[in-house]
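So the structure is just underneath, and the comments pick up after that.
Just the heavy atoms: all of them, side chains too, but no hydrogens, waters or symmetry mates, feed the values below. The structure presented is a predicted model; accordingly, all values stated were derived computationally and were not measured. We count ligands from 1, going down the list as the structure has it; atoms in each ligand are counted the same way.
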Amino acid sequence: MKYAPVRKAVFPVAGLGTRFLPATKSIPKEMLPIVDKPLIQYAVEEAVEAGIETLVFVVNHKKMAILEHFDEDADLQSHLLVQGKHDLHAQIRDIIPSSVSTAHVIQEEALGLGHAVWCAKSLVGDEPFAVLLADDLIRSPATGCLKQMVDAYRATGVGSIGVEKIPAAMTDRYGIVSVQADAKGRDYIHAIVEKPAPDVAPSRLGVVGRYILPGEIFGLLESVRAGVGGEIQLTDAIAALLENEQLLAHAFEGIRYDCGSRQGFIRATVDYALGHDDLRDSLLEYFATLV
Ligand code: UTP
């Protein structure tokens, strides 16, 4: 991978969100709020913290609300000012810093994550870029997950994929990597396979929705055929990439919530709510009445 800074991040948000129906029939999954912020905003904030300069959204025609969320809303801003709601005004105004630009592309049909990433090809070019899946919400103690990965990329010049150890019985829900550690303890990805059954999974290291990939991935996505679930899988293109490129497995610091599932979404809601000073005490009192 030829070193160049990671300036662009791709947000594939054109999936159907079937696990969250009927909520996601007309509301994009990525617009579901955890406390008071939609999932996509958490992912965008993580990307901005990592120094990303251009946010590329891969949307479909029914998910334009995601783009609207990041558009300037002058009426709302002046209304909040008139009402003296200065904190809210600042939050709405600064939803994306002025130094960061946005772009979008339409994925006409939900053909899979790999296809969604490929749709961003002309907006990304051939430079290394990040991919963030907003339904994997990652809460890190100090440094956000993508910034951890960008820092590692700066140090090594090698791209990476976010991973975490998952229960053995759940390998068939994840991309799974096997790794080989170098002398410095860095885990280089040796192989990657999409949703293997537990008895054939090469490890318990599950891929989570954070990637730093070289521009070469686009050429490989072009020749990948539909794989598991009849979808064009990003995993299959990454497997082909590994024949010529190195990639690191990044075991991030933090907690990941699978907000594409009800279980993960509810856990995230509870944990994030408890992190809000104005909600914490009354919620704890309420929980005590339940147990
Ligand atoms: P998921 O595997 O969670 O699929 O996609 P999904 O369609 O969103 O949800 P379920 O499984 O039906 O409930 C992971 C990410 O990839 C995007 C999704 O929007 C999500 O952010 N994606 C997936 C696309 O953008 N296009 C696709 O064709 C598939």
Original post:
Is any side-chain heavy atom of Glu45 less than 4.5 Å from a side-chain heavy atom of Glu49?
Top reply: no
Subject >> Thr289 and Glu285, any side-chain heavy atoms less than 4.5 Å apart >> reply: no
**OP:** Please check if Val224 and Phe129 belong to a single hydrophobic cluster, counting links between Ile, Leu, Val, Met, Phe, Trp and Tyr side chain heavy atoms closer than 4.5 Å.
**Re:** no
**OP:** Starting from atom 16 (O) of ligand 1, find the nearest protein heavy-atom neighbour and note its residue, name and distance.
**Re:** Leu113 CD1, 3.6 Å
Original post:
Are Ile255 and Leu39 connected, step by step, through hydrophobic side chains (Ile, Leu, Val, Met, Phe, Trp, Tyr) whose heavy atoms are closer than 4.5 Å?
Top reply: yes
Original post:
Quick one: does atom 11 (O) of ligand 1 have a protein heavy atom under 4.0 Å from it?
Top reply: yes
Subject >> Side chain, backbone, both or neither: the part of Glu231 lying under 4.0 Å from ligand 1 by heavy atom >> reply: neither
Original post:
If we only count heavy atoms from C-beta on, is the Cys259 to Ile34 side-chain gap below 4.5 Å?
Top reply: yes
Original post:
Between Tyr272 and Arg139, is there a cation-pi geometry (under 6.0 Å to ring centre, at most 45° from the normal)?
Top reply: yes
**OP:** May I ask you to list the atoms of ligand 1 that are less than 4.0 angstrom from any heavy atom of Glu30?
**Re:** 18 (C), 19 (O), 20 (C), 21 (O)
Subject >> Heteroatom distance test (Gly15, ligand 1): nitrogen or oxygen, under 3.5 angstrom >> reply: yes
Original post:
Tell me, do Glu164 and Ile166 make a side-chain contact under 4.5 Å, heavy atoms counted?
Top reply: yes
Subject >> For atom 25 (O) of ligand 1, the protein heavy atom that lies nearest, with its residue and separation >> reply: Ala14 N, 2.8 Å
Original post:
Where's the contact between Thr18 and ligand 1, heavy-atom distance under 4.0 Å: side chain, backbone, both or neither?
Top reply: both
**OP:** Using a strict cut-off of 4.0 Å, indicate which atoms of ligand 1 neighbour a heavy atom of Gln107.
**Re:** 24 (C), 25 (O), 26 (N), 27 (C), 28 (O)
Subject >> Among Asp135, Asp136, Asp271, salt bridge (Lys or Arg N to Asp or Glu O under 4.0 Å) partner for Arg256 >> reply: Asp136
Original post:
Under 4.0 Å from ligand 1, counting heavy atoms only, is it the side chain of Ala110, its backbone, both or neither?
Top reply: both
Original post:
Looking at Asp277 and Arg280, does any basic side-chain N land under 4.0 Å from a carboxylate oxygen?
Top reply: no
**OP:** Assess Gly260 for proximity to ligand 1: is some non-hydrogen atom of it under 4.0 Å away?
**Re:** no
Original post:
Based purely on interatomic distance, does Gly17 place a nitrogen or oxygen under 3.5 Å from a nitrogen or oxygen of ligand 1?
Top reply: yes
**OP:** For atom 21 (O) of ligand 1, find the nearest protein heavy atom and state the residue, atom name and distance (0.1 Å precision).
**Re:** Pro12 O, 2.9 Å
**OP:** Pull out every atom of ligand 1 sitting under 4.0 Å from any heavy atom of Leu111, numbered as shown with elements.
**Re:** 28 (O)
Original post:
For the residue pair Phe11 and Phe70, is the inter-centroid distance of their aromatic rings smaller than 6.0 Å?
Top reply: no
Subject >> Contact (N/O only, under 3.5 Å) between Ala116 and ligand 1 >> reply: no
Original post:
Would you say Ala134 and ligand 1 have an N/O pair spaced under 3.5 Å apart?
Top reply: no
Original post:
Applying a strict 4.0 Å limit to heavy atoms, is Glu109 in contact with ligand 1?
Top reply: no
Original post:
Which protein non-hydrogen atom lies closest to atom 15 (C) of ligand 1, naming both residue and atom, and how far is it?
Top reply: Leu133 CD2, 4.0 Å
Original post:
Do Thr235 and Leu113 touch side chain to side chain, with heavy atoms closer than 4.5 Å?
Top reply: no
Original post:
Tell me, do Thr102 and Val44 make a side-chain contact under 4.5 Å, heavy atoms counted?
Top reply: no
Original post:
Which protein heavy atom lies closest to atom 2 (O) of ligand 1, and at what distance to 0.1 Å?
Top reply: Arg19 NH2, 4.5 Å
**OP:** Would you please determine whether His115 falls within less than 4.0 Å of ligand 1 on a heavy-atom basis?
**Re:** no
Original post:
Linking I/L/V/M/F/W/Y whenever any side-chain heavy atoms sit under 4.5 Å apart, do Ile189 and Val193 land together?
Top reply: no
Original post:
What atoms in ligand 1 come closer than 4.0 Å to a heavy atom of Lys29?
Top reply: 3 (O), 6 (P), 8 (O), 9 (O)
Subject >> Protein contact of atom 7 (O) of ligand 1 - nearest heavy atom, named by residue and atom, plus distance >> reply: Leu16 N, 2.8 Å
**OP:** Starting from atom 28 (O) of ligand 1, find the nearest protein heavy-atom neighbour and note its residue, name and distance.
**Re:** Gly112 N, 2.8 Å
Subject >> ligand 1 to Phe20 polar contact by distance, N or O atoms, under 3.5 Å >> reply: no
Original post:
With a 4.5 Å heavy-atom cut-off, do Met31 and Ile40 have their side chains touching?
Top reply: yes
